[in-house]
Amino acid sequence: LRDIEQQMSTGSVEPGRLPYAWRQLIEDPDVPAPDPVEPGGVPVETYFPLPANDEQLQIVRLANNKAGVVVQGPPGTGKSHTIANLISHYLASGQRVLVTAEKAQALKVLRDKLPEPLRELCVTLLGSGAEADKDLEKNVRALLERYQRALLSPGCYIREADRLGDQIDACQLVLQG
């Protein structure tokens, strides 16, 4: 981390780019590029479970094809809300997400803003000690069980994806018409 801090403080990292060591944590060369963008620059599909404003849509547009996003600001400005939407969007788009915070409480607030099905996909380490270790083990175990279920019965997930796709199409028709 000191090397990364040094790189950032000396300006040897391009603005808007994460240092190489951080990119290695979140980038996967085998994952295809995110969805293409429409002429206005907004992704074709934006998967926000919470209400969104133009600024949040702008963040997704600007962050498309970038290695990372930093959301910062004073208390009470909607950072957790924005980050919850971004996490949801990126996970729904098949990307990995790493979220860090100075205080565990900020991560707890953020986790609570995520829809329950996404919360189940998150591995969280909030704090240190035996309790944090137990929570981490529980999260990893739940993910492994979910993965094993998917391997044993992939058809149920395909049917569920089709059903949800039909619901999305129906909602889009209502919104357009």
Side-chain angles (χ1 to χ4, degrees), residues 1-8 17-35 45-52 56 59-60 63 65-73 75-165 167:
L1 287 175
R2 286 189 181 108
D3 291 342
I4 293 169
E5 185 178 37
Q6 168 116 19
Q7 287 176 354
M8 294 179 83
R17 295 268 308 157
L18 286 174
Y20 177 77
W22 288 7
R23 289 197 318 266
Q24 296 306 303
L25 292 172
I26 60 173
E27 289 182 349
D28 185 348
D30 297 328
V31 173
D35 291 332
E45 296 286 342
T46 304
Y47 305 105
F48 283 177
L50 303 173
Q56 290 174 340
I59 290 169
V60 170
N65 298 319
K66 300 276 189 225
V69 178
V70 176
V71 178
Q72 61 186 20
T77 56
K79 293 179 300 299
S80 295
H81 185 100
T82 299
I83 295 168
N85 273 340
L86 290 172
I87 291 170
S88 300
H89 172 76
Y90 288 127
L91 289 178
S93 300
Q95 297 179 0
R96 291 185 286 181
V97 179
L98 171 66
V99 178
T100 64
E102 188 175 337
K103 295 186 168 87
Q105 181 60 31
L107 295 174
K108 288 177 184 173
V109 168
L110 180 58
R111 182 188 58 199
D112 292 344
K113 286 191 173 290
L114 292 173
E116 184 62 36
L118 284 184
R119 247 183 268 164
E120 295 171 6
L121 298 175
C122 296
V123 175
T124 55
L125 181 57
L126 303 173
S128 60
E131 188 67 28
D133 289 347
K134 282 173 47 176
D135 286 344
L136 178 61
E137 183 179 343
K138 178 182 151 194
N139 286 322
V140 171
R141 193 176 308 278
L143 274 175
L144 288 173
E145 289 171 5
R146 187 179 183 124
Y147 179 70
Q148 288 171 340
R149 281 194 310 268
L151 289 178
L152 295 175
S153 58
C156 71
Y157 289 101
I158 293 169
R159 286 189 298 277
E160 179 69 2
D162 289 342
R163 185 185 69 76
L164 292 172
Q167 280 184 345

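Since we're looking at a predicted model, the values are computed, not measured.
- With sequence neighbours excluded, no residue forms a salt bridge (charged side-chain N to carboxylate O under 4.0 Å, His left out) with E102.
- Put simply, CD on Q95 and CG on L86 are 11.0 Å apart, with the number rounded to the nearest 0.5 Å.
- Every residue two or more places apart in sequence or in another chain that forms a side chain to side chain contact (heavy atoms under 4.5 Å, CB included) with A101 is listed here: A106, L107.
- Side-chain contact between V60 and F48 is present, with heavy atoms from C-beta onward closer than 4.5 Å.
- Residues meeting the salt bridge (charged side-chain N to carboxylate O under 4.0 Å, His left out) test with E137, sequence neighbours left out: R141.
- Distance check: N85 CG to S80 OG gives 11.5 Å after rounding to the nearest 0.5 Å.
- The main-chain N or O of K113 is never found under 3.5 Å from a side-chain atom of H81 such that the two would form a donor-acceptor pair.
- Expressed to the nearest 0.5 Å, how far CD of Q72 lies from CD1 of I83 amounts to 10.0 Å.
- Considering CG of L164 and CD of E160, their distance stands at 4.5 Å, rounded to 0.5 Å.
- In terms of heavy atoms, K79 sits closest to G76 at NZ-N, 4.4 Å.
- For the atom pair OG1 (T46) and CD (Q56), the distance works out to 11.0 Å, reported to the nearest 0.5 Å.
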**Derivation of the side-chain contact (heavy atoms from CB on, under 4.5 Å) call for T77 and T82** = CA-CA 9 Å; T77 56; T82 299; over 6 Å; no
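- Under the side chain to side chain contact (heavy atoms under 4.5 Å, CB included) criterion, P115 pairs with P49, S88, P117, L118, sequence neighbours left out.
- Remark: V140 engages V123, L136, L144 in a side chain to side chain contact (heavy atoms under 4.5 Å, CB included) (not counting sequence neighbours).
- Partners of E116 by side chain to side chain contact (heavy atoms under 4.5 Å, CB included), not counting sequence neighbours, listed by chain and number: R119, E120.
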